[in-house]
Amino acid sequence: MHRWSTLFIPTLREAPADAEVASHKLLVRSGYIRQLGAGIYSYLFLGQRSINKIIGIVRREMDTIGQEFLLPALHPRELWEASGRWAVMGDNMFRLKDRKGADLCLGMTHEEVMTDIARKELRSYKQLPQIWYQIQTKFRDEPRPKSGLLRVRQFIMKDAYSFDIDAAGLDVSYQKHRDVYCRIFDDCGLKYMVIEAHSGAMGGSQSEEFMVRTPAGEDQVVSCDQCNYAANLEKATSKLDAVQDLAPEGDGLPMEVHTPAMKTIEDVSKFLGISPKNNIKTLAYMATEMDAKTGKSSLRQVVVFMRGDHPLNESKFSTALQGREFRPMVEDEIKSLFGSPAGYLGPRGIEFADVLSGSGKAVLLVDDALKGRVNLVGGANKEEYHLKNLTPGRDFTPTAYADLRAAAAGEGCPNCGAPLRIDTAVEIGHIFKLGYKYSESMNARVLDHNGKEVAPIMGSYGIGIERILTSAIEQNNDDNGFCLPPQIAPFEVVVTPTNVKDAALAAVADDLARQFEAAGFDVILDDRDERPGVKFKDADLVGIPYRVTVGKKASDGVVEVVNRAQKETLDVKIEEAVKHLGSLLRPGKF
RNA sequence: CGGGGCGUAGCGCAGCCUGGUAGCGCACCUGCCUUGGGCGCAGGGGGUCGUAGGUUCGAAUCCUAUCGCCCCGACCA
């Protein structure tokens with residue numbers, strides 16, 4: 001039996017001064033974790049116990065669809081060269097050399113290692129599908145670790161990889177993971193959402209994230225309270241109210257108008273007495289083009305037109321550029337393309353490319369919100385002048401239309417039209433249809449039923465173990481501490497005698513704790529010679545969902561069962577305590 | 001990488017401006033006392049003042065460099 005008096009549970013009255021978010025303060029105060037360096041933490045007794053319970057749930061559920069492996073954390077450079085990610089990962093990858101000078105890195109994810117196994121071992125469609133997973137430590141040299149365990153440089157991830165013969169098979173593997181993830185997070189007692197996610201520069205056809213709403217989160221989630229629409233801001237769309245186009249002026253063709261010192265959309269709109277919605281916002285970027293053969297990079301001009309009141313979403317922009325890196329143009333670059341300083345930029349006089357890559361011409365990406373609009377106002381590419389009557393398709397031809405706009409709270413849900421909300425959230429899981437990226441680049445091949453060599457199609461699926469703990473704490477804490485769902489708490493119940501010097505009380509408490517243990521509850525006996533207040537405070541702090549107080553009423557055969565989360569106390573007869581707790585912890589079994 | 005802040009006992013902080021015995025609260029140890037919400041009394045232990053160099057008779061304090069940590073931003077398969 002676990003006796004508090006013999007355990008190392010270093011609780012603190014005060015939180016470290018540099019802790020900002022609730023879970024960070026409380027994990028340190030409750031003696032779950034201690035910091036070793038920026039984004040590097042030790043998990044002490046209670047922390048590790050809780051992590052182990054979370055891992056237990058993840059493993060139990062993952063075993064219903066896949067097979068557990070354990071891959072190395074130390075990877076040779078060659079493996080990452082094969083997928084092309086040795087260069088792509090940049091400073092986020094921890095790199096080191098061995099004694100012979102060979103380059104190694106610490107694994108930040110394991111597509112490469114898994115694919116390496118697949119390419120060496122899988123030969124036939126008959127061996128597919130496969131789902132392989134592991135629960136293992138990942139290393140990522142984050143530019144800015146923060147918020148305790150929420151953003152760290154070393155953490156535990158459950159990562160899974162599926163190999164299928166075709167897209168239909170991948171759909172099945174993907175759905176299996178989606179279902180299992182829901183069971184896992186339900187079992188962990190989390191309130192979460194499944195949202196559409198940005199597939200990222202890696203391509204991939206579909207991706208969903210499992211998100212927990214909390215102010216401590218770093219992601220922004222757009223969701224609808226009326227229907228089930230939910231998406232990452234990087235991906236979210238919205239319905240816009242119809243906009244009244246301006247009537248044509250003069251002959252209806254682009255017409256110069258003098259706009260002295262009117263550089264911003266706001267200034268121009270006011271000056272001309274129009275809405276920013278009738279303006280074109282012109283943004284100018286330089287994208288990096290990589291020559292596949294020579295590996296040489298060159299710069300490419302990219303112009304973006306948005307509706308005047310709309311912000312650009314850089315993730316969508318990156319997708320539209322097919323992953324090319326980009327940066328804003330500097331002043332000289334603007335002048336050389338537009339012939340005008342910023343503030344008066346527009347389409348006039350520029351011949352844009354008709355395709356994204358190939359020609360050396362500037363690329364023009366136009367946001368979907370401008371499709372079908374007429375008589376817009378934009379810069380004239382001439383200092384202190386704008387143009388009226390600008391109409392896409394007639395006065396300029398986009399290289400492509402694209403969804404580039406960031407959705408905003410209050411705009412209409414794309415499904416049902418109800419107002420959208422935007423919340424911050426923590427990403428606890430991500431499932432991803434990878435496609436052929438790794439099997440192609442790393443040359444994994446199996447024979448299909450026609451005897452033809454094909455690349456298996458892959459999926460990858462991740463769960464951040466620590467983030468389950470942190471988001472559970474973020475969702476359920478108060479001034480006294482936090483309360484974890486019993487399934488992931490380090491203990492399910494603490495038995496607290498109010499005075500261990502009182503032999504009768506101590507005996508009742510000891511006996512009760514033994515009964516709980518015999519009944520299969522995860523129990524800790526707080527047998528410390530401390531005042532009751534100290535023990536109550538500690539019990540409240542460390543997240544144990546139930547406390548059984550053995551005090552004055554014990555002589556009448558009664559103990560108190562305290563529900564930490566509800567802050568409710570119930571008197572229970574000692575001989576019924578096991579049954580009562582059983583009904584709380586193991587519904588249906590007692 | 002840009003901006004800001006902080007490094008003094010395990011935790012939270014004062015002292016620094018104006019150089020001269022290193023301090024407070026909590027925690028810890030001993031004894032007594034107390035026992036339903038971090039109790040009280042008495043005694044005690046613990047600090048290369050992040051590190052290195054400089055100025056000075058003398059540096060926690062002034063100067064220079066450097067390292068670490070935190071926050072904002074950039075970034076984030």
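Quick caveat: nothing in here was measured; it's all calculated off a predicted structure. In what follows, chains carry the letters A, B, and so on, assigned in the order in which the sequence lines appear, proteins first and then strands, with residues in each chain numbered from 1.
- When the C1' atom of B:G37 is taken as reference, atom CZ of A:Arg547 falls 8 Å away, rounded to whole Å.
- In this structure, the nucleotide among B:G38, B:A77, B:G36 sitting nearest to the side chain of A:Lys552 is B:G36.
- Nearest heavy-atom pair across A:Ser83 and A:Lys437 is O-NZ, 4.0 Å.
- A:Arg528 comes within contact range of no nucleotide atom at all, as no heavy-atom separation falls under 4.0 Å.
- If you look at A:His2 and A:Phe45, their ring centroids are closer than 6.0 Å.
- Base contact: A:Thr549 has a heavy atom under 4.0 Å from a base atom.
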Treating primed atoms plus P, OP1 and OP2 as sugar-phosphate and everything else as base, which nucleotides of nucleotides 9-15 of chain B get B, S or - for protein heavy atoms under 4.0 Å?
--BSS--

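- Relative to the six-membered ring of A:Phe536, A:Arg547 meets both conditions, a distance below 6.0 Å and an angle of at most 45° to the axis.
- For A:Phe536, whose side chain is taken as the heavy atoms from C-beta onward, the closest listed nucleotide among B:G37, B:A77, B:A74 is B:G37.
- Counting any heavy atom pair closer than 4.0 Å across all strands shown, A:Glu314 reaches sugar-phosphate atoms only and no base atom.
- Nucleotides B:A52 and B:C33 are separated by 49 Å at their P atoms, to the nearest Å.
- Within the 4.0 angstrom heavy-atom criterion, no nucleotide atom of any strand lies near A:Pro497.
- Only the P atoms considered, B:U56 is 48 Å distant from B:A42, to the nearest whole Å.
- Across the C1' atoms, B:C49 and B:A59 are found 11 Å apart, a figure rounded to whole Å.
- Note on A:Asp91: nothing from the nucleic acid sits closer than 4.0 angstrom, heavy atoms only.
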